[in-house]
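What you see is a predicted model; the values in this text were computed from it and never measured.
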Amino acid sequence: MQVRELMSTAVVTVDVESTLDEAVDRLLGADVGSVIVVEEGGPLGILTESDALRAARDTGRPLAAIDVRDAANRLAVTTTPSTAVGTVARLMADEGVKKVPVLDGVDMVGIVTLTDIVWEFPAIREEATAIEAVREEWSPR
């Protein structure tokens with residue numbers, strides 16, 4: 001199974017010049033746990049609910065007084081639509097991330113989350129079993 005088969009194409013974004021107040025409005029309005037921070041349309045970072053809460057607590061300032069750029073994390077991990085789900089799952093585990101933007105060249109075309117992978121786990125497991133059966137059938141005895 002490839003990332004394109006389970007990614008969400010409705011990526012919620014916020015401009016890097018926004019405030020946390022604007023970002024939280026986007027989070028709550030879309031009922032998501034993170035927004036991709038963009039600059040000139042390209043992904044630059046990610047801001048999670050936890051990042052917003054931490055920034056508010058640590059600064060003691062209102063959300064409207066905190067810049068997204070000061071609270072977001074730089075993107076460390078991206079993937080492509082054709083990447084195998086198992087590969088991106090391993091990458092997520094290795095990097096300690098739960099959400100990975102999907103890029104087709106320089107264009108952001110989706111996002112894949114740990115939740116997406118968990119929901120599709122039965123199908124992923126079924127596919128792995130089928131692949132293993134074919135390998136066993138074709139392996140020299």
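A continuous path of ILVMFWY side-chain contacts below 4.5 Å connects L27 to L20, so both sit in one hydrophobic cluster. Residue L63 is grouped with residue L28 when hydrophobic side chains (ILVMFWY) are merged at heavy-atom distances under 4.5 angstrom, including chains of intermediate members. With hydrophobic clusters built from ILVMFWY side chains whose heavy atoms lie under 4.5 angstrom apart, I36 does not share a cluster with V97. V12 and V38 are not part of a single hydrophobic cluster, where members link through side-chain heavy atoms under 4.5 Å apart. Both M1 and L91 are assigned to one and the same hydrophobic cluster, defined by single-linkage of ILVMFWY side chains at heavy-atom distances under 4.5 Å.
One finds the CG atom of L75 at 7.0 Å from the CG atom of L44 (value rounded to the nearest 0.5 Å). Distance CZ/R61 to OG1/T19: 11.0 Å, rounded to 0.5 Å. A distance of 7.5 Å separates OG1 of T80 from CZ of R4, quoted to the nearest 0.5 Å.
Taking the side chain as every heavy atom from C-beta outward, N73 and L47 never approach each other to under 4.5 Å. The shortest side-chain heavy-atom distance between D21 and P62 does not fall under the 4.5 Å cut-off. When side chains are defined from C-beta on, V112 counts as touching L6, because their heavy atoms get closer than 4.5 Å.
Contact detail for G110 and M7: the closest heavy-atom pair is CA-SD, 4.2 Å. Between E49 and V32, the shortest heavy-atom distance links the atoms OE2-O, 3.8 Å. Contact between V109 and P81 at its shortest, heavy atoms only, is CG2-CG, 3.9 Å. In this structure, V24 and A52 approach most closely via the heavy-atom pair CG2-CB, 4.0 Å. Between S34 and K99 the shortest heavy-atom distance is OG-CD, 2.8 Å. Here the closest non-hydrogen pair linking D51 and A71 is CB-O, 3.6 Å.
Without hydrogens or angle criteria, D25 side chain to E22 main chain gives no donor-acceptor distance under 3.5 Å. Judged by distance alone, with hydrogens and angles left aside, the side-chain atoms of T87 form no donor-acceptor pair with the main-chain N or O of T83 at under 3.5 Å.
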Practice problem: Let me see the working for L114 and M92 under side-chain contact (heavy atoms from CB on, under 4.5 Å), right down to the final yes or no. | Solution: CA-CA 8 Å; L114 185 56; M92 293 166 93; 4.2 Å; yes
Practice problem: Apply side-chain contact (heavy atoms from CB on, under 4.5 Å) to the pair V85 and I117, showing each step before the final yes or no. | Solution: CA-CA 8 Å; V85 171; I117 294 170; 4.0 Å; yes
Exercise. Take M108 and T13, measure what side-chain contact (heavy atoms from CB on, under 4.5 Å) needs, and give me the verdict at the end.
Key: CA-CA 10 Å; M108 185 169 47; T13 63; 3.7 Å; yes
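By the neighbour-count criterion of 12 heavy atoms within 6.0 Å, atom CG of D31 is sparsely surrounded, having that number or fewer from other residues, nucleotides or ligands. Residue R90 places its CZ atom among 12 or fewer non-hydrogen atoms of other residues, nucleotides or ligands, all under 6.0 Å distant.
Of the N and O atoms on the side chains of D15 and S18, not one donor lies less than 3.5 Å from an acceptor on the other residue.
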